[in-house]
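As a basis for the values below, the full set of heavy atoms in this structure was taken, side chains included, without hydrogen atoms, waters or symmetry mates. Predicted model only: the values in this text are computed from it and were never measured. Labels below follow one simple rule: chain letters A, B, ... track the order of the sequence lines, proteins then strands, and each chain is numbered from 1.
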Number of protein chains: 4
Amino acid sequence: MTGPKQNVGRPRDAQIDDAIVRATRELLVERGYAKLTMDAVAKRAGIGKAAIYRRFATRQEMIFAATVHGMEEQPPPDSGTLRGDLAAVCRTIAAQLGAAPPDVLHGLLADIHADQALGARFTGSFIGREQYVLGEVLDRALARGELAAMPDVRVVHALLIGPVFFWLLILIGDREQVAALSATVAESVADSLVKG
Amino acid sequence: MTGPKQNVGRPRDAQIDDAIVRATRELLVERGYAKLTMDAVAKRAGIGKAAIYRRFATRQEMIFAATVHGMEEQPPPDSGTLRGDLAAVCRTIAAQLGAAPPDVLHGLLADIHADQALGARFTGSFIGREQYVLGEVLDRALARGELAAMPDVRVVHALLIGPVFFWLLILIGDREQVAALSATVAESVADSLVKG
Amino acid sequence: MTGPKQNVGRPRDAQIDDAIVRATRELLVERGYAKLTMDAVAKRAGIGKAAIYRRFATRQEMIFAATVHGMEEQPPPDSGTLRGDLAAVCRTIAAQLGAAPPDVLHGLLADIHADQALGARFTGSFIGREQYVLGEVLDRALARGELAAMPDVRVVHALLIGPVFFWLLILIGDREQVAALSATVAESVADSLVKG
Amino acid sequence: MTGPKQNVGRPRDAQIDDAIVRATRELLVERGYAKLTMDAVAKRAGIGKAAIYRRFATRQEMIFAATVHGMEEQPPPDSGTLRGDLAAVCRTIAAQLGAAPPDVLHGLLADIHADQALGARFTGSFIGREQYVLGEVLDRALARGELAAMPDVRVVHALLIGPVFFWLLILIGDREQVAALSATVAESVADSLVKG
DNA sequence: CAATAACCGAGACGGTACGTCTAGTCTTCCC
DNA sequence: GGGAAGACTAGACGTACCGTCTCGGTTATTG
């Protein structure tokens with residue numbers, strides 16, 4: 001076993017976890033992803049840099065944790081139709097994507113894809129979770145008889161989330177319209193799946 | 001008259017422009033976006049750093065220029081149907097997106113959105129060009145009578161390109177399947193537009 | 001209170017101070033003043049450049065500190081005569097001037113006189129110290145009755161040290177002869193002062 | 001024979017020689033030796049850099065030429081005494097040294113001693129000329145019977161010019177007092193030589 | 001009077017060092 | 001052992017300057 005012994009010595013101060021997250025989010029908004037420095041986070045949080053690196057291995061992990069916090073996405077309550085379920089999933093993910101400034105998400109994605117290991121973790125946890133949720137929704141539709149066969153979840157994922165992602169992060173489109181876009185996409189994807 | 005003086009002093013060496021672009025692309029493939037350094041580009045190209053900074057104000061501009069070279073996208077030949085035109089547009093853009101490694105595109109997008117001015121230029125030139133092409137395609141459909149009214153080009157853009165973008169850059173999906181995905185998306189979007 | 005906070009944070013590593021001084025002196029001898037680079041010093045000392053710039057604001061200050069180390073010159077023991085005292089002072093200073101290669105001293109003097117602040121520090125500390133020592137020696141001669149009145153210390157400084165300085169740094173003369181030159185100068189200056 | 005053929009092609013523009021010298025002197029006064037750049041000289045003189053490098057091999061040579069111009073020092077008219085001749089030589093050299101700002105002379109000396117070849121040229125031409133003049137003066141004294149034997153010219157050089165050099169360049173002393181210092185030095189050296 | 005050869009201003013070129021900055025690690029004293 | 005403070009290594013950044021070279025063009029002498 002590596003790492004510090006458990007239950008020995010001074011326990012970590014939980015307030016510091018909060019302070020790091022808060023400082024990171026503030027500075028992300030104030031200065032943007034590229035100009036966020038570890039020294040600035042430490043100073044803003046009123047702590048030492050070591051306290052950060054005791055919790056997160058890299059800058060990317062810290063921002064990841066401070067930004068993408070609650071990744072415990074759950075399958076939506078059964079709405080009774082595939083279209084309704086897909087719309088619910090889409091809205092939830094769109095809300096998460098819209099919560100952070102675009103430059104933060106782009107910076108994070110760049111860092112994630114710059115590093116093999118981080119990329120794998122991201123795909124495994126985050127992407128995987130979304131596809132698990134979609135899988136559940138599709139299973140329900142299969143059980144209901146809406147679908148004749150199980151489609152490729154990855155393709156459905158791209159069809160459903162791609163447009164919203166593109167709207168928010170590439171077109172930097174109006175966030176008010178995302179709800180309408182989600183509905184359109186859900187309907188279109190559901191029709192497409194049911195039909196073929 | 002703005003711009004550099006004409007016909008005065010030693011002209012810029014066109015071979016150097018090429019050498020920079022070539023070195024940048026090579027190093028991007030060999031080391032990835034994050035590990036590309038200006039010194040490395042200069043050394044590989046056999047030139048001084050000053051020659052780079054005389055042409056590009058920042059690292060980002062250099063990579064942008066070296067990567068996103070020919071942005072002279074044209075409306076596709078009229079296929080006779082909205083679905084066919086959309087599929088053609090989608091395939092073209094998908095091919096461009098698939099040409100560069102994902103980490104390069106993510107790095108570029110991050111840098112683009114980190115800087116206000118660069119973001120505006122990107123949107124104006126690149127995004128704008130794509131939407132102009134889509135507008136032409138939609139105009140044809142309107143003229144044909146396939147569409148009753150002109151839809152929001154930005155929404156169509158997101159619906160059409162979003163899934164492909166997501167597939168290639170977020171899911172890091174199989175590139176062989178992009179053609180099939182493009183077809184699916186084009187059909188779905190065309191149906192959706194014709195119907196509503 | 002000015003200056004860095006006491007007893008807070010990691011203290012500066014005294015070994016690094018030594019390493020910088022040692023590396024600077026070695027490279028000064030090996031390559032000369034003009035070809036001494038900060039990167040070379042850092043590499044030779046096995047440290048980062050930041051550790052140097054944390055201690056010295058500029059290249060000049062670093063070389064100054066590494067070269068002009070012990071400026072704690074003391075009045076020589078009373079030899080009983082003005083001539084003997086002057087010869088002792090002259091020999092000491094000649095030995096210091098002869099310790100460093102001429103190009104180092106010229107480089108240093110050039111940098112010192114290129115910067116107002118550095119020039120003032122040099123004059124105040126180094127020149128001032130030498131003139132303090134000369135003043136003590138002249139006071140003794142006055143007390144002995146060798147001198148009727150106190151001469152201008154600055155003039156005596158120039159008369160005594162000027163020839164040795166010129167010999168070593170401008171004529172690049174034989175260093176063996178400096179002792180004889182010192183004796184000649186001391187005698188000549190002492191005679192001149194006593195007489196007039 | 002290397003170099004361009006004589007009397008063939010367009011002759012050099014004499015106005016440019018002047019313009020370079022003038023621009024160099026002006027900028028030396030305005031910015032000092034260390035901050036004088038070739039581009040600045042060219043711009044100020046309204047010429048291209050190539051025109052400078054066609055005339056001078058290096059920055060140092062240019063400043064040397066612009067500063068130390070007339071090095072055609074001649075033996076002074078016979079004053080009838082060694083003391084008088086030495087005072088005349090000393091005053092002449094002091095006037096030359098006092099003509100340029102101290103930082104320029106220090107910068108020049110540093111550059112001269114940074115390069116082996118330049119150092120040799122400087123010693124051979126400039127130092128050599130001064131010692132030739134001194135030799136003439138000493139020959140006269142020998143002929144007059146003031147001196148019993150020929151002293152070492154280099155030592156006389158150091159004794160005579162050293163104090164003035166030190167006063168002007170190291171002590172940065174009052175330039176009004178240099179005349180008096182020259183007289184004192186000349187008397188002291190003459191006495192010293194005659195005596196022994 | 002045309003050809004030749006060296007000149008000219010402007011400014012791009014390769015190279016090199018500068019002083020700054022940041023990430024992630026380490027060290028001190030304190031609790 | 002955790003924490004704050006801050007020094008540490010490593011290495012890229014963008015700037016500045018040097019001395020050279022190249023462009024279009026000019027001005028003398030030579031043939």
Query - Residues touching DNA chain F, which here means a heavy atom under 4.0 Å, drawn from residues 48-56 of chain C - result: C:G48, C:A50, C:A51, C:R54, C:R55
Query raised in the report: Counting N and O atoms only, with roles assigned by atom type, does the side chain of B:R55 sit under 3.5 Å from a partner on the main chain of B:A51, one being a donor and the other an acceptor?
Result: yes
Query - Whole angstrom value for the distance that separates C1' of F:dG2 from CD1 of A:I16 - result: 8 Å
Requested in this report: Taking only Lys NZ, Arg NE, NH1 and NH2, and the carboxylate oxygens of Asp or Glu, determine whether D:D17 and D:R12 approach each other closer than 4.0 Å.
Outcome: no
Query raised in the report: Taking A:R44 as the fixed residue, which of A:D39, A:L27, A:I20, A:T24 is the one that meets the side chain to side chain contact (heavy atoms under 4.5 Å, CB included) rule?
Result: A:L27
Query raised in the report: Between D:R31 and D:T37, is there a donor-acceptor pair closer than 3.5 Å when you use the side chain of the first and the backbone of the second?
Result: no
**Report entry** Shortest side-chain distance from C:D39, nucleotide among E:dG11, F:dC13, E:dC18
**Finding:** E:dC18
**Report entry** Contact nearer the 5' end of DNA chain E, comparing C:T37 with D:R12
**Finding:** D:R12
**Report entry** Aromatic plane relationship, A:H106 with B:H113 - under 30° parallel, 30 to 60° tilted, over 60° perpendicular
**Finding:** parallel
Report task. Assess D:R121 against D:F64: is NZ or CZ under 6.0 Å from the centre of the six-membered ring, and within 45 degrees of the ring's axis? Result -> no
Report task. Tell whether B:R10 reaches the base of F:dC21 with its side chain through a donor-acceptor pair below 3.5 angstrom. Result -> yes
Query raised in the report: Expressed in angstrom and rounded to an integer, what is the separation of A:I47 atom CD1 from F:dA4 atom P?
Result: 6 Å
Query raised in the report: Taking the nucleotide of DNA chain F with the closest heavy atom to each, which residue, B:R59 or C:D13, is nearer the 5' end?
Result: C:D13
Requested in this report: For A:T58, answer base if it contacts any base atom (sugar-phosphate contacts may also be present), sugar-phosphate if it contacts only those atoms, and nothing otherwise; contact means non-hydrogen atoms under 4.0 Å.
Outcome: sugar-phosphate
Query - d(CG, C:D111; C1', E:dA17) in whole Å - result: 14 Å
Report task. Report the distance from atom CE of C:M38 to atom P of F:dT15, rounded to the nearest whole Å. Result -> 21 Å
